[in-house]
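These notes concern the structure reproduced below.
In this text the structure is predicted, and so the values were computed from the model without any measurement.
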Amino acid sequence: MPAYHSTFLGEESSERQVGNVVLLPIHTLYRGPSYPPSSEYDIIEETLDLFRANSFFKNFDIKGPADRLLIYGILFVSDCLSKLNSKTSQREAVRVLNNLALDSFALPGDIGFPLNALYQAPANKNDADLLRGYLQQFRQELADRLLKRVYAQDESSPSKFWLAFTRRRFMNKSL
């Protein structure tokens, strides 16, 4: 059974690319280079919808730049869930995940980036700054929406159905 790929694979021709990562529009309140999409469904929702199904796969056949953004999002969600435990309240989780989203992170082409074999480095410093700003905005919005799903039932403890995926490692990688 193959992994689930992004539904935004056909839209990359009209979107800006940095390296081989497409900068898709997202609904967000955070500052950054992204702009709102034309539909309600964006790459953040798709990442959260496909996270649990794709986390079972060790191999992932990349079909385009939108899949690379999906991979990055799935790995970031996995890191977010690993920071939570069953005793973490929603207030503490907001603080922890905001710090994780705002921490410095490696870009494709940097020494600390775990998936350099799959991603191309940005062509110049302006592209690197654009990608860093976009991924920062992407990480903040993804952490925010993840918290809304994980704490939808109870604000005092996270959903055990999300925390069950903390031991799963998509593609045997982590950010």
To the nearest 0.5 angstrom, please state how far the [atom1] atom of [X] sits from the [atom2] atom of [Y].
{"X": "Lys148", "Y": "Gln90", "atom1": "NZ", "atom2": "CD", "answer": "10.0 Å"}
{"X": "Asn85", "Y": "Ser157", "atom1": "CG", "atom2": "OG", "answer": "10.5 Å"}
{"X": "Ser6", "Y": "Asp67", "atom1": "OG", "atom2": "CG", "answer": "6.0 Å"}
{"X": "Leu84", "Y": "Leu146", "atom1": "CG", "atom2": "CG", "answer": "7.0 Å"}
{"X": "Ile71", "Y": "Ile62", "atom1": "CD1", "atom2": "CD1", "answer": "4.0 Å"}
{"X": "Ser55", "Y": "Arg167", "atom1": "OG", "atom2": "CZ", "answer": "11.5 Å"}

- request: Mind running side-chain contact (heavy atoms from CB on, under 4.5 Å) on Phe165 and Phe56 for me, showing each step along the way?
  value: CA-CA 9 Å; Phe165 289 88; Phe56 289 107; 3.6 Å; yes
[X], [atom1]: over 12 other non-hydrogen atoms inside 6.0 angstrom:
{"X": "Gln153", "atom1": "CD", "result": "no"}
{"X": "Lys58", "atom1": "NZ", "result": "yes"}
{"X": "Asp103", "atom1": "CG", "result": "yes"}

[X] versus [Y], closest heavy-atom pair with distance:
{"X": "Leu9", "Y": "Ala66", "value": "CD2-CB, 4.0 Å"}
{"X": "Asp42", "Y": "Pro25", "value": "CB-O, 3.9 Å"}
{"X": "Val22", "Y": "Tyr134", "value": "O-CE2, 4.4 Å"}
{"X": "Tyr4", "Y": "Leu50", "value": "CB-CD2, 3.7 Å"}
{"X": "Pro122", "Y": "Pro108", "value": "CD-O, 3.3 Å"}

Within a strict 4.5 Å, meaning less than it, do heavy atoms of the [X] and [Y] side chains meet?
{"X": "Pro33", "Y": "Gln137", "value": "yes"}
{"X": "Phe8", "Y": "Tyr41", "value": "yes"}
{"X": "Tyr151", "Y": "Thr88", "value": "yes"}

For [Y], is there any backbone N or O sitting under 3.5 Å from a side-chain donor or acceptor partner on [X]?
{"X": "His5", "Y": "Phe60", "result": "no"}
{"X": "Asp144", "Y": "Gln140", "result": "no"}
{"X": "Thr47", "Y": "Ile43", "result": "yes"}
{"X": "His27", "Y": "Ser39", "result": "yes"}
{"X": "Gln17", "Y": "Leu23", "result": "no"}
{"X": "Arg132", "Y": "Ser104", "result": "no"}
{"X": "Ser34", "Y": "Ile26", "result": "yes"}

query: After noting the C-alpha distance and the side-chain angles of Leu69 and Phe138, does the key distance pass the side-chain contact (heavy atoms from CB on, under 4.5 Å) rule?
result: CA-CA 10 Å; Leu69 191 58; Phe138 182 79; 4.2 Å; yes
query: If you measure only the distance, is there a donor-acceptor pair under 3.5 Å linking the side chains of Ser82 and Asp79?
result: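 Short answer, no.
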task: Would you please say whether a donor-acceptor pair under 3.5 Å links the side chains of Arg139 and Tyr72?
output: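 The answer is yes; a qualifying pair exists.
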Salt bridge (Lys or Arg N to Asp or Glu O under 4.0 Å): pairs with one or both residues in residues 43-56, sequence neighbours excluded: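 Sorted result for residues 43-56: Glu45-Arg145, Glu45-Arg149, Asp49-Arg149.
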Criterion side-chain contact (heavy atoms from CB on, under 4.5 Å) on Leu130 and Asn126, from CA distance to verdict: CA-CA 6 Å; Leu130 177 66; Asn126 288 339; over 6 Å; no
message: Taking the ring centre of each residue, are Phe76 and Phe51 less than 6.0 Å apart?
response: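 No, too far apart.
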message: Let's go through Leu81 and Val150 carefully: what are the C-alpha distance in whole Å and the side-chain angles of both, what is the deciding distance for side-chain contact (heavy atoms from CB on, under 4.5 Å) to 0.1 Å, and is it a yes or a no?
response: CA-CA 9 Å; Leu81 290 176; Val150 170; 4.1 Å; yes
In a table with atom names and distances, give each donor-acceptor pair under 3.5 Å that connects a side chain of residues 114-121 to protein atoms at least two apart or in another chain.
residue : atom : partner : partner atom : Å
Asn116  : OD1  : Gly109  : N            : 2.7
Asn116  : ND2  : Asp110  : O            : 2.8
Asn116  : ND2  : Phe113  : O            : 3.4
Tyr119  : OH   : Arg68   : O            : 2.5

query: Leu142 and Tyr30: same hydrophobic cluster, using ILVMFWY side-chain contacts below 4.5 Å?
result: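 Shared cluster, no.
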